[in-house]
Amino acid sequence: MARTPQEIFEHHATALMAGDIEGLVADYTDDALFITPRRVLRGKDGVREGFTTLLGELPDAAWEVPTQIFEDDVLFIEWSATAEKSRVGDGIDTFVFRGDLIRVQTVRYTLEPVT
């Protein structure tokens, strides 16, 4: 039985908080798009690269996702994360689901030093 978008995101969030990059990548289609303001990353290798960068910028972060709006096969979230030396207070992502995987994710955030 296919997972719902809510179930996929629940797994995604658990893997993110655990720093489990391969667990994250498993939630994406083979032809996934991971879109950032800097570039478009493609496929599972692109997703892996995107999360390697994100988790490298925010190692062992505490994550908060106060806004989750699901509508059919689309999810909009607002998030923040705080690590020892860096933080994000304005993260915004959109996910588009296909079947029981993520087909497209947009990611935008501002990385700031912790002072």
Side-chain angles (χ1 to χ4, degrees):
M1 179 176 225
R3 298 180 296 168
T4 66
Q6 292 84 349
E7 290 168 332
I8 298 165
F9 186 69
E10 182 179 326
H11 177 266
H12 180 81
T14 299
L16 179 69
M17 290 179 198
D20 179 5
I21 291 176
E22 293 309 311
L24 289 163
V25 171
D27 285 331
Y28 290 80
T29 62
D30 290 338
D31 62 346
L33 299 175
F34 190 90
I35 303 170
T36 74
R38 288 173 256 174
R39 61 190 174 144
V40 176
L41 300 166
R42 298 176 187 282
K44 289 185 182 267
D45 287 340
V47 171
R48 185 176 294 107
E49 181 181 341
F51 280 108
T52 298
T53 298
L54 177 65
L55 293 174
E57 291 174 336
L58 294 161
D60 301 315
W63 299 85
E64 293 185 28
V65 184
T67 303
Q68 297 180 34
I69 301 171
F70 287 92
E71 188 64 36
D72 296 322
D73 63 349
V74 178
L75 166 62
F76 172 85
I77 66 169
E78 294 177 307
W79 59 271
S80 63
T82 303
E84 183 179 348
K85 296 181 181 180
S86 57
R87 71 173 170 237
V88 169
D90 64 351
I92 297 175
D93 294 12
T94 301
F95 297 80
V96 178
F97 300 89
R98 182 198 302 152
D100 69 346
L101 296 170
I102 300 165
R103 167 65 174 105
V104 178
Q105 180 179 355
T106 66
V107 181
R108 204 232 29 98
Y109 62 90
T110 304
L111 187 67
E112 302 174 328
V114 170
T115 53

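Side chains are part of it too, since the values below use all heavy atoms of this structure and drop only hydrogens, waters and symmetry mates.
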S.K.: Would you say that E84 contacts D60 through its side chain, given a criterion of any heavy-atom pair below 4.5 Å between the two side chains?
M.R.: no
S.K.: Do you know which two heavy atoms are closest between P59 and G56, and how far apart they sit?
M.R.: CD-O, 3.5 Å
S.K.: Does one hydrophobic cluster hold both V107 and V104, with members joined at side-chain heavy-atom distances below 4.5 Å?
M.R.: no
S.K.: Check side chain to side chain donor-acceptor pair (under 3.5 Å) between R98 and all other residues, then give those that pass, not counting sequence neighbours.
M.R.: D31
S.K.: Working to the nearest 0.5 angstrom, can you tell me the gap between T53 OG1 and L41 CG?
M.R.: 7.5 Å
S.K.: Working to the nearest 0.5 Å, report the span between OG1 of T67 and CG of D93.
M.R.: 12.0 Å
S.K.: Main chain of D100, side chain of R3: is a donor-acceptor contact present, judged purely on distance under 3.5 Å?
M.R.: yes
S.K.: What are the two closest non-hydrogen atoms of K44 and V25, and how far apart are they?
M.R.: NZ-O, 3.3 Å
S.K.: Under 3.5 Å, side chain of T106 to main-chain N/O of T94, donor-acceptor pair present?
M.R.: yes
S.K.: Could you check whether any side-chain heavy atom of D30 comes within less than 4.5 Å of a side-chain heavy atom of L101, counting everything from C-beta outward?
M.R.: no
S.K.: Would a hydrophobic clustering, with Ile, Leu, Val, Met, Phe, Trp and Tyr connected at side-chain separations under 4.5 Å, put I35 with L54?
M.R.: no
S.K.: Measure the CG-NE2 distance between L24 and H11 for me, rounded to the nearest 0.5 Å.
M.R.: 8.0 Å
S.K.: Tell me every residue that passes side chain to side chain contact (heavy atoms under 4.5 Å, CB included) with T4, counting only those two or more places apart in sequence or in another chain.
M.R.: Q6, E7
S.K.: Of the options W79, W63, F97, F95, which is the one that meets H12 in a ring pair (Phe, Tyr, Trp, His ring centres under 6.0 Å)?
M.R.: F95
S.K.: In Å, rounded to the nearest 0.5 Å, how long is the span from CG of D90 to CD of E112?
M.R.: 7.0 Å
S.K.: How close do G23 and A15 get, heavy atom to heavy atom, and via which atoms?
M.R.: C-CB, 3.9 Å
S.K.: Quick check for you: to the nearest 0.5 Å, what is the distance between Y109 atom OH and T36 atom OG1?
M.R.: 8.0 Å
S.K.: Identify the two heavy atoms, one from I21 and one from R48, that lie closest to each other, and give their separation to 0.1 Å.
M.R.: CG2-CG, 3.8 Å
S.K.: Out of curiosity, I102 CD1 to L33 CG, how far, rounded to the nearest 0.5 Å?
M.R.: 12.5 Å
S.K.: Check whether any side-chain N or O of S86 sits under 3.5 Å from a backbone N or O of E57 as a donor-acceptor pair, and report yes or no.
M.R.: yes
S.K.: By side chain to side chain donor-acceptor pair (under 3.5 Å), which residues pair with E64, not counting sequence neighbours?
M.R.: none
S.K.: Give a yes or no on this: more than 12 heavy atoms of other residues, nucleotides or ligands lie within 6.0 Å of atom CD of E22.
M.R.: yes
S.K.: Please tell me if the side chains of L58 and L111 come closer than 4.5 Å, counting only heavy atoms from C-beta onward.
M.R.: yes
S.K.: Restricting to non-hydrogen atoms, name the atom on R108 and the atom on P37 that form the minimum distance, rounded to 0.1 Å.
M.R.: CG-CG, 3.5 Å
S.K.: Closest heavy-atom contact between V47 and A32?
M.R.: CG2-CB, 4.1 Å
S.K.: Compare all side-chain heavy atoms of Q105 with those of Y28 and state whether any distance is below 4.5 angstrom.
M.R.: yes
